[in-house]
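Comments concern the structure below.
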Amino acid sequence: MAFSIATWNINSVRLRMPLVERFLLEYAPDVLSLQETKCANDVFPAAAFRKLGYEHIAINGQKGYHGVATVARRPIEIVERRRFCENDDCRHVSVRFDAGGKSLLLHNFYVPAGGDEPDPEINRKFRHKLDFVAEMNAIRAEHDEVSGSVLVGDLNIAPLEHDVWSHKQLLNVVSHTPVETTGFEAMRKAGGWIDLMRHGVPDDQKLYTWWSYRAQDWQASNRGRRLDHVWCSANLVPHFAGYEILREARGWERPSDHVPVIARFDLN
DNA sequence: ATGGTTGCAACGCAA
């Protein structure tokens, strides 16, 4: 049984609902996790998702900032909206659903961006980001014979050298500093998570999911970063059937600065 | 070396 999970930082779900519709109609993932929905739960465009066949919706939103949502064609059970760093930011929602005889736990994360100054002593947003990633150590890739875990989202860190357009030039830029990338990879491994976007892909192959709005021509300069991720528990790796970074979506009208990533699995 | 853009919401802040 084939199924697919997509993740996309949409940068305002209400503003970009036409792009979401286009994406769902063309690619029809079974499950879609969104980040930066930027709206409170009572104004989330649930009716539009239902009309597109995504009748099962788990949201954790707030007015104006952050916010995550997972929508699905199949029934999903909301598991948790976890708080991190003892504040009320809406940055996580987890759901459980059945797929091909297995019960899957799907975490959807929006990790703090961290501001511009990569010094936790003078930049509280960077401190918050480091603390948030440290707290993610509690999120483990739980699995047994009948269950598995997937973690997706905008994690706002590009961990490997070729996850950015220039390793050297970004070493002191928030998202690729050694303190971030080291803590990030340690957290991932401690949790038992597999980085599926690098599974079977050479480490020296460039992978980007985000291109800044500030470039004059994002396509020509191609100064991207891999900020969006798909992880899973080890027992799902044999069922992984490949993935796609939807680069073209960066060129759609009024785009998000992130593009969707679609991961495919085959169970049974 | 610097500044470049976008969204929210209604000013500057977050990204």
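Chain naming here is simple, since letters A, B, ... match the order of the sequence lines and numbering starts at 1 in each. These numbers come from a predicted model, not from an experiment.
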Next on the checklist: Taking only the C1' atom of each, what is the distance from B:dG4 to B:dA15 in whole angstrom?
Outcome noted: 14 Å
Next on the checklist: Taking only the C1' atom of each, what is the distance from B:dA14 to B:dA9 in whole angstrom?
Outcome noted: 13 Å
Checklist entry - Are A:Arg74 and A:Asp98 ion-paired here, with the side-chain N under 4.0 Å from a carboxylate O? => result no
Checklist entry - Any donor and acceptor pair, going by atom type alone, linking the side chain of A:Arg16 with main-chain N or O of A:Ile10 inside 3.5 Å? => result yes
Checklist entry - Rounded to whole angstroms, how far apart are CG on A:Asn123 and C1' on B:dA14? => result 12 Å
Next on the checklist: Without decimals, in angstroms, what is the distance between A:Gln35 CD and B:dG7 P?
Outcome noted: 17 Å
Item to check | Contact under 4.0 Å: A:Arg254 side-chain N or O vs B:dG7 OP1/OP2 | outcome: yes
Checklist entry - Of all the choices, B:dA15, B:dG12, B:dA9, which nucleotide is nearest to the side chain of A:Tyr65 once you look at every atom? => result B:dG12
Checklist entry - Considering every strand shown, what is the Watson-Crick or G-U wobble mate of B:dG4 when both distances are under 3.5 Å? => result none
Checklist entry - Considering residues, nucleotides and ligands other than A:Glu26, do more than 12 of their heavy atoms fall under 6.0 Å from its CD? => result yes
Checklist outcome for this item: By nearest-nucleotide position on DNA chain B, the 5'-leaning member of A:Lys125 and A:Pro255 is A:Pro255
Checklist entry - Within the structure, does a side-chain N or O atom of A:Arg14 lie under 4.0 Å from either OP1 or OP2 of B:dG7? => result no
Checklist entry - Roughly how many Å is it from CG in A:Asp116 to P in B:dG4, rounded to a whole number? => result 14 Å
Next on the checklist: Please report the distance separating the P of B:dT6 from the corresponding atom of B:dT2, rounded so that it comes out in whole Å.
Outcome noted: 23 Å
Item to check | For atom CG of A:Asp257 and atom P of B:dT6, their distance in whole Å | outcome: 10 Å
Checklist outcome for this item: A:Leu34 CG to B:dG7 P, in whole Å, measures 16 Å
Next on the checklist: For A:Lys206, is the NZ atom crowded, meaning more than 12 foreign heavy atoms sit under 6.0 Å from it?
Outcome noted: yes
Item to check | Any strand: nucleotide that pairs with B:dC11 via Watson-Crick or wobble, under 3.5 Å | outcome: none
Item to check | Length of the line joining A:Glu36:CD and B:dC13:C1', which is rounded to integer Å | outcome: 13 Å
Next on the checklist: Can you confirm whether A:Arg124 is buried at CZ, in the sense that more than 12 heavy atoms of other residues, nucleotides or ligands lie under 6.0 Å from that atom?
Outcome noted: no
Checklist entry - Going by an N to O cut-off under 4.0 Å, is there a salt bridge joining A:Glu117 and A:Lys125? => result no
Item to check | Length of the line joining A:Asp228:CG and B:dA15:P, which is rounded to integer Å | outcome: 15 Å
Next on the checklist: Whether A:Arg91 contacts B:dA15 is assessed here as follows: a side-chain N or O lying under 4.0 Å from the phosphate OP1 or OP2. Is that the case?
Outcome noted: yes
Next on the checklist: What contact category does A:Arg223 fall into here, base, sugar-phosphate, or nothing, at under 4.0 angstrom with non-hydrogen atoms?
Outcome noted: nothing
Next on the checklist: Give me the distance, rounded to whole Å, that separates B:dC11 from B:dG7 when you measure between the C1' atoms they each carry.
Outcome noted: 14 Å
Item to check | Rounded distance in Å - CG (A:Leu227) to C1' (B:dA15) | outcome: 11 Å
Next on the checklist: Between A:Asp154 and A:Tyr213, which residue's closest nucleotide on DNA chain B lies nearer the 5′ terminus?
Outcome noted: A:Tyr213
